[in-house]
Each structure stands twice: as C-alpha cells, then as structure tokens.
K.L.:
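Questions regarding the structure given below will be posed in turn.
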Amino acid sequence: MSLLEIENATLRFGGLVAVDNVSLQVNQGEVFALVGPNGAGKSTVFNLISRFYDPAEGSIRFDGKDLLKHTADQVPGFGIARTFQNIELFEQATVLQNLLVGRHRHCTTGLLSNIVFSPKTYREELRHRAAVEEVIDFLNLQAYRDKMIGGLPYGVRKVVELGRALASEPKLLLLDEPASGLSVEETQDMAFWIEDIQTQMGISVIMVEHDMGLVSSVSGRVMALADGKELATGTAAEVQSHPAVIEAYLGTGEISKTGTSRA
Ligand code: ADP
Ligand code: MG
C-alpha cells in the first residue's frame with residue numbers, strides 16, 4: 001500500500017483550476033519530485049496534503065487515514081512535515097528554539113505540568129533536547145544553535161527549516177523548493193541530506209524543485225505538472241524528454257539542467 005494516495009484531486013480558485021484532476025501515489029521510502037513551470041500547481045498540491053485547502057473533488061489518503069476527514073492542525077501529528085517556498089521560521093528566536101518547535105507534535109505534557117515542573121515534564125524536555133541535538137549534528141548546525149534566525153544567511157535558514165521539519169520525526173517530508181536560492185555547494189549538501197533522510201532515516205519525501213540536477217540525483221519518480229494538470233510521470237530522464245514537458249517549458253527559461261549532480 002502507498003504511504004500517500006491522492007486520487008483525482010481538483011482545486012479551483014474562482015475560475016482558475018489550480019489542481020486539475022491530479023492523482024499520485026508515494027510509496028514508503030520513496031523520494032518523489034513534482035516539477036513544472038511557475039503556477040503549475042505544485043505548492044497547491046502541498047497545501048492540499050497539509051489540509052490548508054479542501055479539494056473540490058477527489059480523495060487524499062495518508063498512512064491508512066482519510067485526510068479529508070481531518071483538519072490542518074491534525075496533519076503534523078500524523079507524521080507529515082513540510083518546508084515552505086518562502087522560509088517560515090520564528091525570526092526572533094534561536095535556531096535551537098525553532099527546532100524545538102518542530103517537536104511540538106510529541107509533547108504529551110500539558111500546560112499545568114509545565115508550570116508545576118514534574119518529573120514527567122523533565123524527562124520529556126530531555127527527550128526533546130536529545131532529538132533536536134541529533135538534528136543539529138546531522139545538518140551541521142552546531143555553530144548556529146544559539147544564534148537568532150533574524151541574523152542568519154539565507155542558506156542557513158533553509159537548512160534550519162529542514163531541521164525543524166526533521167525534528168518532528170515525520171513519515172513524510174514535503175520540501176517546497178529546497179534548493180531555490182542556494183549556491184552550488186549548498187545545493188550539493190541538500191542533495192546529500194535528502195539522500196540520507198531517505199536511506200538512513202527511512203523518511204519518504206515529496207520535493208518540489210526546479211533544479212533538474214538535484215531532481216535527477218535524488219528522486220525515484222518525477223511528475224511534471226502544468227496548469228494544474230499532470231503532463232508526465234516517470235524517471236527524471238523520461239519526464240525531461242517528454243514532448244508535453246518540453247512544450248510546457250518552451251520559452252519560460254525556468255528549467256535548469258545545469259544544476260548540481262552527484263553523478
Ligand atoms: P507553483 O507552486 O507550481 O508555482 P501554485 O500551486 O503556487 O504554483 O499556484 C497554482 C496556481 O494557483 C497559480 O495560478 C496561482 O496564482 C494560483 N493560486 C495559488 N494559491 C492561490 C490562492 N490562495 N488564491 C488564488 N489563487 C491561488
Ligand atoms: Mg510553488
């Protein structure tokens with residue numbers, strides 16, 4: 001059984017069909033990429049999975065659950081974490097504090113026991129700190145752990161956002177343009193991390209990305225979308241050479257074939 005199953009999902013914004021009858025399945029342990037020109041509907045697919053929007057038609061199942069029966073605030077608790085196209089972090093907090101926010105879904109002690117500092121709260125606090133320290137080590141964030149987000153370079157913020165998602169120990173990670181704005185070296189690091197997230201942590205990933213070098217190096221299957229519709233699904237090479245995909249990108253200059261490659 002697939003971890004995530006979207007069937008015939010459609011979402012309209014007024015007259016605009018942002019997601020048009022899209023079906024996709026993501027298997028346990030797979031890195032699945034969504035590509036397509038700007039406005040294709042890629043982020044909207046993430047917003048459907050996150051339950052920010054209700055599809056007009058279709059179904060979304062995750063890990064045996066009907067997601068449409070649940071609300072956006074329940075989604076992280078099921079094991080779905082995400083990063084955003086425009087980084088969303090707490091600017092006036094440290095890296096460590098932002099990563100601890102990622103642990104929220106694992107907090108079992110309520111407000112009262114946080115005030116009356118109980119042994120359970122203490123044990124839980126230690127557990128969260130240990131999980132976050134692991135993420136800091138994994139992503140090489142040691143030098144930044146006590147720094148305010150507001151003062152950090154863009155590339156480091158991108159990594160912190162990935163870290164916050166990882167700190168929640170998700171089953172499925174949604175990465176919205178993880179390499180956008182990154183240098184060649186930073187993109188290479190991102191490729192290594194995504195590969196380790198898949199192979200060492202066993203986390204499934206859906207990645208929206210324009211850098212076809214990164215897409216080719218880490219993804220198993222790739223789906224191309226344009227105007228909300230599926231154009232093609234297959235390996236990165238199959239999708240890139242598909243006539244409908246070439247046509248959709250003609251003149252946009254958006255597709256990058258010169259990105260990093262691990263080969
Ligand atoms: P992509 O991520 O592939 O670049 P999006 O999923 O962000 O594209 O957007 C798909 C289409 O839906 C675009 O035409 C966009 O303008 C439109 N859209 C996205 N979100 C909204 C919204 N909240 N309200 C109205 N239109 C939206
Ligand atoms: Mg987008």
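Just so you know, these numbers use all the heavy atoms, side chains as well, and skip hydrogens, waters and symmetry mates. Just so you know, ligand 1 is whichever comes first in the structure, and atom 1 is the first atom listed for that ligand.
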K.L.:
Within Ser43, is some N, O or S atom less than 2.8 Å away from the Mg ion (ligand 2)?
P.N.:
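Short answer: yes, at least one N, O or S atom is under the cut-off.
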K.L.:
Do any N or O atoms from the side chain of Arg221 and from the backbone of Glu30 form a donor-acceptor pair under 3.5 angstrom?
P.N.:
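Side chain of Arg221 to backbone of Glu30: no pair is present.
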K.L.:
I need the minimum non-hydrogen distance between Ser43 and Gln85, along with the two atoms involved.
P.N.:
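Ser43 and Gln85 have their closest heavy atoms at OG-OE1, 2.9 Å.
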K.L.:
Of all the non-hydrogen atoms in the protein, which one sits nearest to atom 15 (C) of ligand 1, and at what distance?
P.N.:
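Looking only at protein heavy atoms, the one closest to atom 15 (C) of ligand 1 is Leu16 CD2, 4.3 Å.
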K.L.:
Which is it for His128 and Glu124 under the side chain to side chain donor-acceptor pair (under 3.5 Å) test, yes or no, and what are the steps along the way?
P.N.:
CA-CA 6 Å; His128 292 319; Glu124 221 183 274; 3.3 Å; yes
K.L.:
Is it the case that more than 12 heavy atoms not belonging to Phe46 sit under 6.0 Å from its CZ atom?
P.N.:
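Count over threshold, so yes.
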K.L.:
Of all the atoms in ligand 1, which lie at a distance below 4.0 Å from a heavy atom belonging to Tyr53?
P.N.:
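Ligand 1 atoms under the 4.0 Å threshold to Tyr53: 23 (N).
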K.L.:
Counting heavy atoms not belonging to Glu134, are there more than 12 under 6.0 Å from its CD?
P.N.:
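For Glu134, atom CD is not crowded (no more than 12 foreign heavy atoms under 6.0 Å).
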K.L.:
With a 4.0 Å cut-off, would you call Lys158 and Glu177 a salt bridge?
P.N.:
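Here Lys158 does not pair with Glu177 in a salt bridge, since their nearest N and O are not under 4.0 Å apart.
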K.L.:
Is there a donor-acceptor pair under 3.5 Å between the side chain of Asp20 and the backbone N or O of Lys229?
P.N.:
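Flag not set: sc Asp20 to bb Lys229 has no pair under 3.5 Å.
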K.L.:
Near Tyr154 OH, under 6.0 Å, is it more than 12 heavy atoms from other residues, nucleotides or ligands?
P.N.:
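It does: Tyr154 OH has more than 12 such atoms within range.
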K.L.:
What protein heavy atom sits nearest atom 25 (C) of ligand 1, and how far away is it?
P.N.:
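Looking at atom 25 (C) of ligand 1, the protein heavy atom closest to it is Phe13 CG, 3.4 Å.
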K.L.:
Tell me whether Gly41 reaches ligand 1 (any heavy atom closer than 4.0 angstrom to a ligand atom).
P.N.:
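Yes, Gly41 has heavy atoms under 4.0 Å from ligand 1.
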K.L.:
Output yes when a protein non-hydrogen atom is found under 4.0 Å of atom 12 (O) of ligand 1, and no otherwise.
P.N.:
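For atom 12 (O) of ligand 1 the answer is yes, since some protein heavy atom falls inside 4.0 Å.
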K.L.:
Based purely on interatomic distance, does Gly39 place a nitrogen or oxygen under 3.5 Å from a nitrogen or oxygen of ligand 1?
P.N.:
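There is such a contact, yes.
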K.L.:
What is the nearest protein non-hydrogen atom to atom 9 (O) of ligand 1, stated with its residue, atom name and distance?
P.N.:
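Of every protein heavy atom, Thr44 OG1, 3.6 Å lies nearest to atom 9 (O) of ligand 1.
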K.L.:
Look at atom 7 (O) of ligand 1 and say which protein heavy atom is nearest, naming residue and atom and giving the distance to 0.1 Å.
P.N.:
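For this ligand atom, the closest protein heavy atom is Ser43 CB, 3.8 Å.
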K.L.:
Is the Mg ion (ligand 2) less than 2.8 Å from at least one N/O/S atom of Gln85?
P.N.:
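Within the cut-off used here (under 2.8 Å), Gln85 does place an N, O or S atom near the Mg ion (ligand 2).
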K.L.:
I'd like to check which ligand 1 atoms, numbered from 1 as shown, lie under 4.0 Å from a non-hydrogen atom of Ala40.
P.N.:
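Answer, ordered by atom number: 1 (P), 3 (O), 8 (O).
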K.L.:
Going by the atom numbers of ligand 1, which of them fall below 4.0 Å from some non-hydrogen atom of Asn38?
P.N.:
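In order of numbering, the contacting atoms are 4 (O).
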